[in-house]
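Heads up, the thing below is written out as structure tokens.
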Protein chains: 2
Amino acid sequence: MTQNPDLLRGALEPVVLELIAAGASYGYEIARAVEEASGGELLAQEGTLYPALHRLEKRGYLRAAWKTSPEGRKRKHYHLTGAGRRYLENLRTEWAAFSRTVNRILGIAHVGIVCP
Amino acid sequence: MTQNPDLLRGALEPVVLELIAAGASYGYEIARAVEEASGGELLAQEGTLYPALHRLEKRGYLRAAWKTSPEGRKRKHYHLTGAGRRYLENLRTEWAAFSRTVNRILGIAHVGIVCP
DNA sequence: CATAATACATGGCGTGGCAAGGTATGTCAA
DNA sequence: TTGACATACCTTGCCACGCCATGTATTATG
């Protein structure tokens, strides 16, 4: 697991938004999705994730709604707004360019189409 | 140019160390090297770079020596220590794993050997 | 002689991850 | 039943660090 907090700072937003776009809906589920999607490499601590969701909501990229699960648990469900989808697309582009640049400088394998 | 400070946080150290390992030596030169190596994508502001160099020196990854250029300017030249080389290698590995994971989640092109 | 480029440095601001702690409910085994 | 555990939300304080602004010198240039 990556234990350097500074790495997560640049990637948490796009990852969270991406997973919500992919169907993860409420906080606890999103936290699990981050772990699972990263093969345990990424960990979104609760004290990190919940404030992040609130920020994204406040900025208009997410909308939230309280619902009750079949088992009777209250959950706050998030979904992307239109602005959120556009923002995610921007973050994706930004991250792709950035990681490509850093990889190149660090001499890490080229980002490219994998041989068929 | 990436204008998101949070991205730089996770990558500044490895990039700076890498460029010093590649021959960049003093602050001003390193700042230029960051710009040039990234094709203008990355920018190490002086208020960011100098403290970063001081931190790396304090942690024992860099050693510094004042010299005077042929034109008579004072420059603080840095070079990697043994620990610095090992640290850079760790950072490289960490970054490679991290960026690979995030790229996969964001659905960005696979990292792999480019077709010959 | 003024302006720009070179070269170093620092202080205050704001952001945000993390540790720690808090509240509440459902499930399940002993 | 009770106690432990998973689920599910939240917040506060700490600290690290990038950025902006500013300061100080020296050399080069027009």
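From a predicted model like this one, the values you see are computed outputs, not experimental measurements. Just so we're on the same page: letters track the sequence lines, and every chain starts at 1.
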- prompt: The side chain of A/Glu71 lies closest to which of these nucleotides: D/dT11, C/dG17, C/dG26?
  reply: C/dG26

Options C/dG17, C/dT10, C/dA9, nucleotide nearest the side-chain atoms of B/Trp66: C/dA9

Verify the contact: side-chain N or O of [X] to OP1 or OP2 of [N], cut-off strictly under 4.0 Å; return yes or no.
X       : N      : result
A/Tyr50 : D/dC9  : yes
A/Tyr28 : D/dC9  : no
B/His54 : C/dT10 : yes
A/Lys76 : D/dC10 : yes
B/Tyr26 : C/dA7  : yes
B/Arg75 : C/dA7  : yes
B/Arg55 : D/dC17 : yes

Once you round it to whole Å, what is the distance between [atom2] of [N] and [atom1] of [X]?
X       : N      : atom1 : atom2 : result
A/Glu13 : C/dG16 : CD    : P     : 7 Å
A/Gln45 : D/dT12 : CD    : C1'   : 16 Å
B/Asn4  : C/dT15 : CG    : C1'   : 11 Å
B/Leu43 : D/dC20 : CG    : P     : 9 Å

query: Between B/Tyr61 and B/Tyr87, what is the ring plane arrangement, given parallel below 30°, perpendicular above 60°, and tilted in between?
result: parallel

- request: Show the numbers, then the answer: is there a side-chain contact (heavy atoms from CB on, under 4.5 Å) between A/Glu35 and A/Arg32?
  value: CA-CA 5 Å; A/Glu35 264 186 276; A/Arg32 292 295 143 81; 4.2 Å; yes

Any base atoms under 4.0 Å from [X], or only sugar-phosphate, or nothing? Heavy atoms, all strands.
X       : answer
B/Gly72 : sugar-phosphate
A/Glu29 : nothing
B/Arg73 : base
A/Gly27 : sugar-phosphate

- prompt: Could B/Arg59 and B/Glu13 be called an ion pair, given the rule that one side-chain N must be under 4.0 Å from one carboxylate O?
  reply: yes

- prompt: Looking only at heavy atoms, what is the nearest atom pair of B/Ala64 and B/Tyr78, with distance?
  reply: CB-CE2, 3.6 Å

- line: Between B/Leu7 and A/Gly10 the two heavy atoms that sit nearest each other are CD2-O, 3.4 Å

